[in-house]
There are 2 protein chains.
Amino acid sequence: MQKEVTIYDIAKQLQLSPATVSRALNDHPAINSNTKTLITSKALEMGYRSNLFASNLRRQRTNTIGVIVPRLDSSFMSTVLAGMEKVVNESSYNLIISQSLESVKKEVTNAKTMFDSRVDGLLVSLASDTENLDHFNPFFKKGIPLILFDRVVQQKNCTNIIIDNLKAGYDATTHLIQQGCKRIMHVSGSLKRNVYADRLKGYKLALLEHGLPSGDELERVTNLTRQDGLDVAAYIKRMPNPPDGLFISSDFCAVSCIGALKQSGFSVPNDIAVVGFNNDPVSLVIDPNLTTIHYPGQEMGEIAAQSLINHLNGLLRLSATNTILLNYDLIIRESSQRPKLS
Amino acid sequence: MQKEVTIYDIAKQLQLSPATVSRALNDHPAINSNTKTLITSKALEMGYRSNLFASNLRRQRTNTIGVIVPRLDSSFMSTVLAGMEKVVNESSYNLIISQSLESVKKEVTNAKTMFDSRVDGLLVSLASDTENLDHFNPFFKKGIPLILFDRVVQQKNCTNIIIDNLKAGYDATTHLIQQGCKRIMHVSGSLKRNVYADRLKGYKLALLEHGLPSGDELERVTNLTRQDGLDVAAYIKRMPNPPDGLFISSDFCAVSCIGALKQSGFSVPNDIAVVGFNNDPVSLVIDPNLTTIHYPGQEMGEIAAQSLINHLNGLLRLSATNTILLNYDLIIRESSQRPKLS
DNA sequence: TTGTAGGCGTTATCAC
DNA sequence: GTGATAACGCCTACAA
């Protein structure tokens with residue numbers, strides 16, 4: 001365990017003061033560029049690495065950003081985190097990542113841990129049963145910025161980064177309508193979450209505009225698990241008047257539902273056309289390949305992290321009602337394409 | 001932005017010295033238990049939270065553990081990380097998580113970041129193309145412990161936490177043999193990684209023991225992607241003498257392969273019985289449900305984290321050649337079950 | 001453009 | 001069982 005090199009060691013070697021070394025390493029403008037290069041090369045040579053803890057202690061900030069997501073095991077979240085990581089690495093911040101596993105309780109614990117770790121800011125996507133942001137009050141009180149992404153809640157104090165889920169739901173449903181569907185069912189997740197509530201609204205709006213039937217028996221609120229997909233299929237089988245179109249707010253659930261529907265003798269897309277959401281890799285595994293909504297996780301992560309960092313560096317004021325909308329794509333595959341009725 | 005409460009504030013209020021407060025909060029044995037409760041309750045009342053950075057600076061350790069995984073978007077990794085998180089939270093350590101996205105290059109960068117963050121220890125699962133551990137040399141030189149899990153490399157200095165992949169490969173293959181398969185093919189991932197190399201060995205061993213044919217045309221080394229699954233199916237279709245059993249080292253790849261095989265007119269399991277690996281949720285989506293090997297991610301994460309923490313706390317010496325083996329299960333589902341030939 | 005000096009909040013060492 | 005004090009390594013007024 002050799003001793004760490006400090007700015008004092010560099011200063012001594014170069015006959016300079018530690019202050020100058022510190023400034024040079026932080027690229028302070030008032031330092032002669034010659035001494036600057038001298039110092040940085042010496043630092044490299046000596047294997048110096050800056051001590052974040054001393055620095056953090058002194059400047060009263062941690063250079064750490066906390067991330068709380070519902071789960072890590074989705075390809076979407078993985079790309080979001082990759083995006084955040086990219087931005088954060090370039091800015092010499094650190095990331096602390098934790099998962100709530102869709103439980104408020106764990107989310108509260110995570111928030112507390114983040115608070116105790118004194119993160120400079122927080123990037124959060126809410127658990128499915130989170131009712132409010134009370135557990136983030138300590139952050140608000142201290143003026144620690146919080147950015148919500150994907151699963152958000154409208155609230156002053158925090159920026160939201162989302163896609164237009166209402167419009168996406170509308171587009172998905174409209175696509176089914178254009179394929180000739182007359183009776184379209186929607187399978188949603190917890191309506192506490194904007195992503196699901198908004199998609200449902202978009203679905204309803206599309207139905208309304210085209211004068212198609214809607215109503216409780218065509219709307220299922222579930223947890224969007226594999227089992228829920230199976231249950232929905234069973235439900236459809238029991239329906240006296242089953243739907244000919246199905247919009248499910250999650251690919252994974254959609255895929256398990258399609259499997260069960262096929263087993264029950266339904267043909268997809270001919271009897272029932274299906275659209276999912278998220279463009280999960282599993283959408284390419286199922287036969288027929290699943291039509292779905294794709295949206296850019298990497299970009300969402302980058303923007304969330306960048307906005308937070310800009311705010312922390314004083315380059316951007318996150319105003320109270322700031323919402324950033326990203327684009328999405330409807331990816332049309334076999335599961336929804338029906339022969340044109342002419 | 002109200003001011004932070006420090007041990008000085010507590011000390012002043014209680015007419016004690018900061019030293020005593022510090023000791024009490026750290027549960028030092030030489031402190032009167034009355035003063036101890038007095039101090040802790042006062043600390044709570046004043047909303048004190050300890051400053052990790054001052055503490056870290058002073059004790060010369062960071063209380064942070066770094067984790068590098070190939071990808072976050074697998075249900076297996078997600079449970080591993082949940083396990084680590086659990087242990088780490090209970091021990092008041094912090095976790096810094098990053099993904100290499102299966103690239104050595106990124107893994108090297110990640111390692112550097114971890115080094116600069118002065119993690120106390122490292123938990124790593126290697127990228128698919130990592131050749132050696134040179135990029136971890138700075139850690140070895142400094143005596144920073146490194147634990148490898150799942151995707152490991154035998155090397156002095158680091159503990160490995162794995163399942164017996166050879167035996168698992170053997171068991172998977174033997175299961176196919178017991179189902180009556182006579183010509184079994186194996187689809188593997190990069191043989192640089194123990195997990196794939198060992199499963200291949202187990203597969204070969206099982207074939208050898210039962211006098212079944214093996215050879216290059218029955219062994220495919222791939223990246224285990226969706227496309228690789230399709231390619232394998234196409235390859236099988238072209239084979240003059242196709243296999244009647246298929247052991248694929250990843251569920252996701254297996255599932256895409258099954259899809260393509262079915263499209264080519266093969267029946268699974270009747271023409272070809274299939275076994276995957278990892279018990280990914282997708283194994284329950286495909287029809288027929290996929291037989292696979294399950295192993296405990298949560299436990300692997302917990303053990304990895306706990307071992308590291310015990311080592312850091314001096315409770316356990318990670319000896320040079322320490323390998324911890326976990327159990328696994330063969331989960332038999334429809335994809336491999338053939339009618340008994342009697 | 002560079003140097004001086006004090007302090008960020010803890011904890012470890014040494015006293016008493 | 002408790003207190004005084006000196007670091008840990010860095011940054012930043014302020015001075016030169």
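Order of the sequence lines sets the chain letters (A, B, ...), proteins ahead of strands, with each chain counted from 1. All values below come from the heavy atoms of this structure, side chains included, with hydrogens, waters and symmetry mates left out.
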Thinking salt bridges, do B/K112 and B/E107 make one under a 4.0 Å N-O criterion? no
Spacing of [X] atom [atom1] relative to [N] atom [atom2], expressed in whole Å:
{"X": "B/I39", "N": "C/dT11", "atom1": "CD1", "atom2": "P", "result": "13 Å"}
{"X": "A/R118", "N": "C/dT10", "atom1": "CZ", "atom2": "C1'", "result": "11 Å"}
{"X": "A/N51", "N": "C/dC8", "atom1": "CG", "atom2": "P", "result": "18 Å"}
{"X": "B/N56", "N": "D/dG9", "atom1": "CG", "atom2": "C1'", "result": "13 Å"}
{"X": "A/R61", "N": "C/dG9", "atom1": "CZ", "atom2": "P", "result": "16 Å"}
{"X": "B/L57", "N": "D/dC10", "atom1": "CG", "atom2": "C1'", "result": "8 Å"}
{"X": "A/I7", "N": "C/dT4", "atom1": "CD1", "atom2": "C1'", "result": "13 Å"}
{"X": "A/R59", "N": "C/dG9", "atom1": "CZ", "atom2": "C1'", "result": "17 Å"}

Under 4.0 Å between a side-chain N or O of [X] and OP1 or OP2 of [N]?
{"X": "B/Q60", "N": "D/dG9", "answer": "yes"}
{"X": "B/Y48", "N": "C/dT10", "answer": "yes"}
{"X": "B/T6", "N": "C/dC8", "answer": "no"}
{"X": "B/S55", "N": "C/dT11", "answer": "yes"}

Let's see if you get this right: which residues in residues 12-23 of chain A place a heavy atom under 4.0 Å from DNA chain D? A/A19, A/S22, A/R23
What does B/N26 touch in the nucleic acid at a heavy-atom separation under 4.0 angstrom: a base, only the sugar-phosphate, or nothing? sugar-phosphate
What contact category does A/F53 fall into here, base, sugar-phosphate, or nothing, at under 4.0 angstrom with non-hydrogen atoms? nothing
Just so I know, are the side chains of A/M300 and A/D150 near enough to count as touching, which here means a heavy-atom distance under 4.5 Å? yes
Minimum side-chain heavy-atom gap B/R193-B/T130 below 4.5 Å: yes
Using only atom types and a distance under 3.5 Å, with no angle test, would you say the side chain of A/S125 pairs donor to acceptor with the backbone of A/F149? yes
Check: B/N110 side chain, B/I68 main-chain N or O, donor-acceptor pair, under 3.5 Å: no
Check whether more than 12 heavy atoms from other residues, nucleotides or ligands sit under 6.0 Å from atom CG of A/N327, and answer yes or no. no
Please tell me which of the listed nucleotides, C/dG9, D/dG1, D/dC10, lies nearest to the side chain of B/N32? D/dG1
In terms of ring plane angle, is the pair A/F139 and A/F115 parallel, tilted or perpendicular, where the classes change at 30° and 60°? perpendicular
